[in-house]
2 protein chains.
Amino acid sequence: MFLSKSFGYALRGVLYVALLEPKGNKIKIEQMADKLAVPRHFLAKIMKKMVQEDILTSTKGPYGGFSLSPVTLQTKLLHLVKITDGMEQFNTCVLSLRKCNSKNPCPLHFQMLQIRDGMLAEFSKTSIGDLLDKKNPDFIKSISVI
Amino acid sequence: MFLSKSFGYALRGVLYVALLEPKGNKIKIEQMADKLAVPRHFLAKIMKKMVQEDILTSTKGPYGGFSLSPVTLQTKLLHLVKITDGMEQFNTCVLSLRKCNSKNPCPLHFQMLQIRDGMLAEFSKTSIGDLLDKKNPDFIKSISVI
DNA sequence: TTCAAAAAAGATATTCATGTCTTTTTTAGT
DNA sequence: ACTAAAAAAGACATGAATATCTTTTTTGAA
Ligand code: FES
Ligand code: FES
């Protein structure tokens, strides 16, 4: 509920690159999957989408891997949600079967509207860079398994 | 996202019974599925759970069907969520892989906490009776397809 | 130019929510 | 007792998200 596993993997993957790539070398999917305890090939597919959307860059071959793009840190979380989960959820009625519509509200419409708008607002204003805390030596733990 | 289809079916089903049962006869699953445009047998399974949890009552055989229980109208939406979706989602980290925990927060923890607590608060205080608006002749439309 | 490393792509498997179909149980009325 | 109506239960099907495995493409370095 709320968000898919894919979204969590995407965010953790991007944060991992943002945290470690500036140290020098590019980040390999193998290393990411190990450190984040995430299925390797599943993560690879998600990271490929990040590259297609210019949230990351990648190079193949020896010494290749993933690295930051010019816009990585400015990317809003909502962009990740769009990529991994899509936006339909935000204008589909909680009771299914119809587009959500304030002119024709279901009994739960205004309650859901408030909750969804709160989430939209939060994810629209928060960027990858906002979540990255390089000063915190335990940051890596906060995106991996305990 | 947010809530399953089962939850929507459950809420619409219970509201349908609450709206029409006081008129006299018990409500048959066939009629409900037709009017709500919901898969008949899938709805039947969900309504069975409602009965098991005392949110509705039912009787088999001729002239049988679903009817209100003493507590139907006081039932909180959160109870329906518990039955159809479970509560794990509310204390599972949005980044998967760990219990959500403010003492060991992931980068998105406090944002998600606010959103989830908002939803929990709303669903804890809102009851089936609160959503039922018998005065509104179009209420039936608001829980069915347009 | 060949080799090995790495992402990208493709094929298949698993799991879970959702959906359909059939059989069983219960019960009111005759 | 018998019959028919209705929920309950069970068996099976489908689709999407998740996960695993294999093959292809790209590329840096010897
Ligand atoms: S119409 Fe149902 S959530 Fe908006
Ligand atoms: S620890 Fe991640 S949402 Fe609470």
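Everything numeric in this text was worked out from a predicted model, so none of it was measured. Residue numbers start from 1 in every chain, and the chains themselves are labelled A, B, ... in the order their sequence lines are given, proteins ahead of strands.
- B:Lys28 places its NZ atom 15 Å from the P atom of C:dT27, with the value rounded to the nearest Å.
- Under 3.5 Å, the side chain of B:Lys45 and the base of C:dT20 form at least one donor-acceptor pair of N or O atoms.
- At whole-Å resolution of the value, CD in A:Gln31 and C1' in C:dA5 are 15 Å apart.
- Residues of residues 53-69 of chain B having a heavy atom closer than 4.0 Å to DNA chain C, listed by number: B:Lys60, B:Gly61, B:Pro62, B:Tyr63.
- Heavy atoms of other residues, nucleotides or ligands lying less than 6.0 angstrom from NZ of A:Lys49 number 12 at most.
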Task: side-chain hydrogen bond (donor to acceptor under 3.5 Å, both in side chains) between B:Ser69 and B:Thr57, intermediate numbers included - done: CA-CA 5 Å; B:Ser69 83; B:Thr57 60; over 6 Å; no
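- When heavy atoms are screened at a 4.0 angstrom cut-off, A:Ile27 is found touching the sugar-phosphate backbone but no base atom.
- Spacing between atom CG of B:Leu43 and atom P of C:dC21 amounts to 16 Å, rounded to whole angstrom units.
- Between B:Phe42 and B:Tyr9, the two ring planes are perpendicular [angle over 60°; tilted spans 30° to 60°].
- Put simply, the side chain of A:Thr72 gets close to the backbone of A:Ile55: a donor and an acceptor are under 3.5 Å apart.
- Comparing C:dT18, D:dA9, C:dA7 against the side chain of A:Ile29 picks out C:dA7 as the nearest.
- A donor-acceptor contact shorter than 3.5 Å links the side chain of A:Ser124 to the backbone of A:Leu120.
- Rounded to whole angstrom, the span from the CD1 atom of A:Ile46 across to the P atom of C:dA9 amounts to 15 Å.
- Nearest nucleotide to the side chain of B:Lys5, out of C:dT18, C:dA8, D:dA6: C:dT18.
- Summarising the geometry, the separation between CG on A:Leu3 and C1' on D:dT18 is reported as 16 Å, rounded to the nearest angstrom.
- Side-chain proximity of A:Arg40 to the nucleotides D:dT22, C:dA7, C:dC21 is greatest for C:dA7.
- Taking 4.0 angstrom as the limit, B:Tyr9 places a side-chain polar atom (N or O) nearer than this to OP1 or OP2 of C:dG19.
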Task: Trace of the side-chain contact (heavy atoms from CB on, under 4.5 Å) decision for B:Phe139 with B:Leu132 - done: CA-CA 8 Å; B:Phe139 185 78; B:Leu132 185 66; 3.8 Å; yes
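- The distance between atom CZ of A:Phe7 and atom P of D:dA17, rounded to the nearest whole Å, is 16 Å.
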